[in-house]
Asker: 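Pasting in a structure now, in structure tokens, and then I'll have a few things to ask.
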Amino acid sequence: MKTIRIGALADSGDLYPFIPMIEGKVKSDDFKLEFEFIPTVQEVNDKIVKKEVDISVPSAALYPYIQRDYFILSTAVASAVDGITGMPVLAMKDMNMDEIMDSKIIVHGLNTTAFNLYKLLIGRYKKLVVVHRVLDEVNAMVQEGGVMVAVHELKAMYDLRKMGVEPHRLASMWDMWKELSGNKPMPMGTVVINSEIGEEYALKFKNLYNRSKKYAESHMDEILPVDVKIMREVQNSDISLEVIKGTIGADVKEYNVSLDDVKSGLEFFYNIMYKKNLLPRVSEIRLI
């Protein structure tokens, strides 16, 4: 039986498809699964680059750097198709675009899709501030007066309102992407599989993941309490049940975009990022 190391990102929307596997609700005779919970996207990206896990949920923007070593799971590409998860740009005061570009920008990692979309769609900034956790991003925006690309808008807004703060919504990555791409899905995150395990076992894991994801989406009453427990323990934060439910609801939509649309969004994203000299060229999108 093959051992597979899974780095599960402790973010509700990315975590829920793995919970039936974690809980033994969905099993496979082909694998022994070893789970590690990872608190931030940047740590996921780092572990994938170092091959410390076989399967995880890195940023879509990381793929050009790992394309020779990983498959992308075709049924697990988080793609924004509306403004609900469209990465708004938030700030403590109202600003025009010139003022945004002359501000500090707060992002949660250098190889994240959020930062790369900012570079593509807005471009300039005065200073870069990298903080890995959502609450730290929020605190940095409040304390330093920068602008934040809010990937996890629901969590960010929840934390800000707990502080008694109502930020200004300056722009939307989705609105700008929609205009640039002709309304293609906007890639955000991916599930990748180390190609060293071989295509046969990668396909077997895809089957297991699909069964687990389907189980989670049809048994959300079982999944939510586990999701809440893991999130609170790993993030060391009393995250609201309603925020977690809302995050999962948005991500269920992202993870169920049709394959043709997923391909279209990925192809446009990697082509435009290469043309703008923001990411290396992707020779082949190895969807499995």
Side-chain angles (χ1 to χ4, degrees), residues 5-7 9 11 13-14 38 40-81 85-87 105 107-125 128 130 132 149 151 173-174 176-178 180-182 184-199 202 205-206 209 251 254-255 257 259-288:
R5 303 165 299 167
I6 298 177
L9 174 61
D11 177 79
D14 298 302
I38 305 174
T40 69
V41 173
Q42 188 59 48
E43 286 176 72
V44 165
N45 288 348
D46 291 343
K47 284 180 176 291
I48 283 289
V49 169
K50 295 174 184 176
K51 295 189 178 180
E52 292 177 357
V53 291
D54 298 308
I55 293 166
S56 196
V57 193
S59 305
L62 186 71
Y63 183 69
Y65 300 100
I66 62 168
Q67 59 184 298
R68 292 179 180 84
D69 300 313
Y70 288 87
F71 300 118
I72 296 176
L73 190 55
S74 62
T75 50
V77 178
S79 303
V81 292
T85 51
M87 296 190 192
I105 174 178
V107 297
H108 60 285
L110 296 177
N111 295 124
T112 59
T113 306
F115 181 42
N116 280 277
L117 283 170
Y118 181 94
K119 291 189 290 184
L120 172 68
L121 299 169
I122 296 178
R124 200 173 71 243
Y125 52 87
L128 180 65
V130 180
H132 294 161
V149 181
V151 177
M173 294 292 169
W174 165 252
M176 291 182 280
W177 167 268
K178 181 179 179 180
L180 178 67
S181 70
K184 290 178 171 58
M186 183 172 76
M188 298 174 73
T190 59
V191 173
V192 299
I193 305 174
N194 188 340
S195 56
E196 289 178 3
I197 75 169
E199 189 169 342
F205 179 81
K206 175 184 177 179
Y209 177 91
D251 280 25
E254 288 178 13
Y255 276 114
V257 176
L259 181 55
D260 285 345
D261 286 341
V262 163
K263 287 180 179 178
S264 175
L266 287 171
E267 287 168 358
F268 183 86
F269 177 70
Y270 293 131
N271 284 337
I272 193 71
M273 295 300 284
Y274 174 66
K275 287 177 182 176
K276 298 292 184 180
N277 202 32
L278 295 173
L279 288 175
R281 180 175 176 270
V282 173
S283 57
E284 179 186 4
I285 302 174
R286 296 205 294 166
L287 288 162
I288 196 166

Asker: So do Val257 and Val77 actually touch side chain to side chain, heavy atoms under 4.5 Å?
Answerer: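 Side-chain contact under 4.5 Å: no.
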Asker: What are the two closest non-hydrogen atoms of Val282 and Gln67, and how far apart are they?
Answerer: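 Smallest interatomic distance, heavy atoms only, reads CA-OE1, 3.5 Å.
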Asker: Grab the two heavy atoms, one from Lys184 and one from Ser264, that are nearest each other, plus how far apart they are.
Answerer: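 In this case the closest contact between Lys184 and Ser264 is CE-OG, 3.1 Å.
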Asker: Looking at Phe71 and Ile288, what are the two nearest heavy atoms and their distance?
Answerer: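 Looking at all heavy atoms of both residues, the shortest contact is CB-CG2, 3.7 Å.
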Asker: Could you pull out the closest heavy-atom pair between Ala78 and Glu254, with the gap in Å?
Answerer: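 Heavy atoms only, the tightest pair is CB-OE1, 3.5 Å.
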Asker: Quick one: are Leu287 and Leu266 in side-chain contact, heavy atoms under 4.5 Å?
Answerer: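 The answer is yes; the side chains approach within 4.5 Å.
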Asker: Any heavy-atom pair between the side chains of Ile55 and Phe205 that's under 4.5 Å?
Answerer: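 Counting from C-beta outward, Phe205 and Ile55 do come under 4.5 Å.
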Asker: Quick one: ring-ring contact (aromatic ring centres under 6.0 Å, His included) pairs with a partner in residues 259-285, sequence neighbours left out?
Answerer: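 Sorted pair list: Tyr63-Tyr270, Trp177-Phe268.
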Asker: Are the side chains of Phe115 and Leu110 in touch, meaning some heavy atoms are under 4.5 Å apart?
Answerer: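 Yes, at least one pair of side-chain atoms sits under 4.5 Å.
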Asker: Quick one: does Val41's side chain get under 4.5 Å of Asp14's, heavy atoms only?
Answerer: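 Not touching, per the 4.5 Å side-chain cut-off.
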Asker: So Ile48 and Val53, do their side chains get closer than 4.5 Å, heavy atoms only?
Answerer: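 Val53 vs Ile48: side chains touch.
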Asker: Between Met186 and Leu117, is there a side-chain heavy-atom distance shorter than 4.5 Å?
Answerer: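 When only atoms from C-beta onward are counted, Met186 and Leu117 do touch, with a gap below 4.5 Å.
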Asker: Side-chain contact test, heavy atoms from C-beta onward, threshold under 4.5 Å: evaluate it for Ser56 versus Ile38 and give yes or no.
Answerer: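 The answer is yes; the side chains approach within 4.5 Å.
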Asker: With no hydrogens and no angle check, just 3.5 Å: does a side-chain donor-acceptor pair link Asn111 and Ser59?
Answerer: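 Checked: Asn111/Ser59 side chains show no N/O donor-acceptor pair below 3.5 Å.
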Asker: Which value, rounded to the nearest 0.5 Å, describes the distance between Thr113 atom OG1 and His108 atom NE2?
Answerer: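 The NE2 atom of His108 is 7.5 Å from OG1 of Thr113, to the nearest 0.5 Å.
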Asker: To the nearest 0.5 Å, what is the distance between CG (Asp46) and CG (Leu62)?
Answerer: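 Going from the CG atom of Asp46 to the CG atom of Leu62 covers 8.5 Å.
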Asker: With a cut-off of 3.5 Å and sequence neighbours excluded, list every side-chain donor-acceptor pair involving residues 187-197.
Answerer:
residue : atom : partner : partner atom : Å
Thr190  : OG1  : Pro58   : O            : 3.3
Asn194  : OD1  : Glu196  : N            : 2.9
Ser195  : OG   : Asp69   : O            : 2.9
Ser195  : OG   : Arg286  : NH2          : 3.3
Glu196  : OE2  : Lys51   : NZ           : 3.0

Asker: Using 0.5 Å steps for rounding, measure from the CG atom of Leu279 to the CG atom of Asn271.
Answerer: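 Leu279 CG to Asn271 CG: 11.5 Å, rounded to 0.5 Å.
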Asker: Could you walk me through whether Leu180 and Leu120 pass the side chain to side chain contact (heavy atoms under 4.5 Å, CB included) check?
Answerer: CA-CA 10 Å; Leu180 178 67; Leu120 172 68; 4.0 Å; yes
Asker: Calculate, to the nearest 0.5 Å, the distance between atoms OH and CG belonging to Tyr209 and Leu73 respectively.
Answerer: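 The OH atom of Tyr209 sits 6.5 Å away from the CG atom of Leu73.
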Asker: Should we count NZ of Lys263 as having more than 12 external heavy atoms under 6.0 Å?
Answerer: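 Not more than 12 within 6.0 Å, no.
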Asker: In Å and rounded to the nearest 0.5 Å, what is the CD to CD distance from Glu43 to Glu52?
Answerer: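 One finds 10.5 Å between CD of Glu43 and CD of Glu52.
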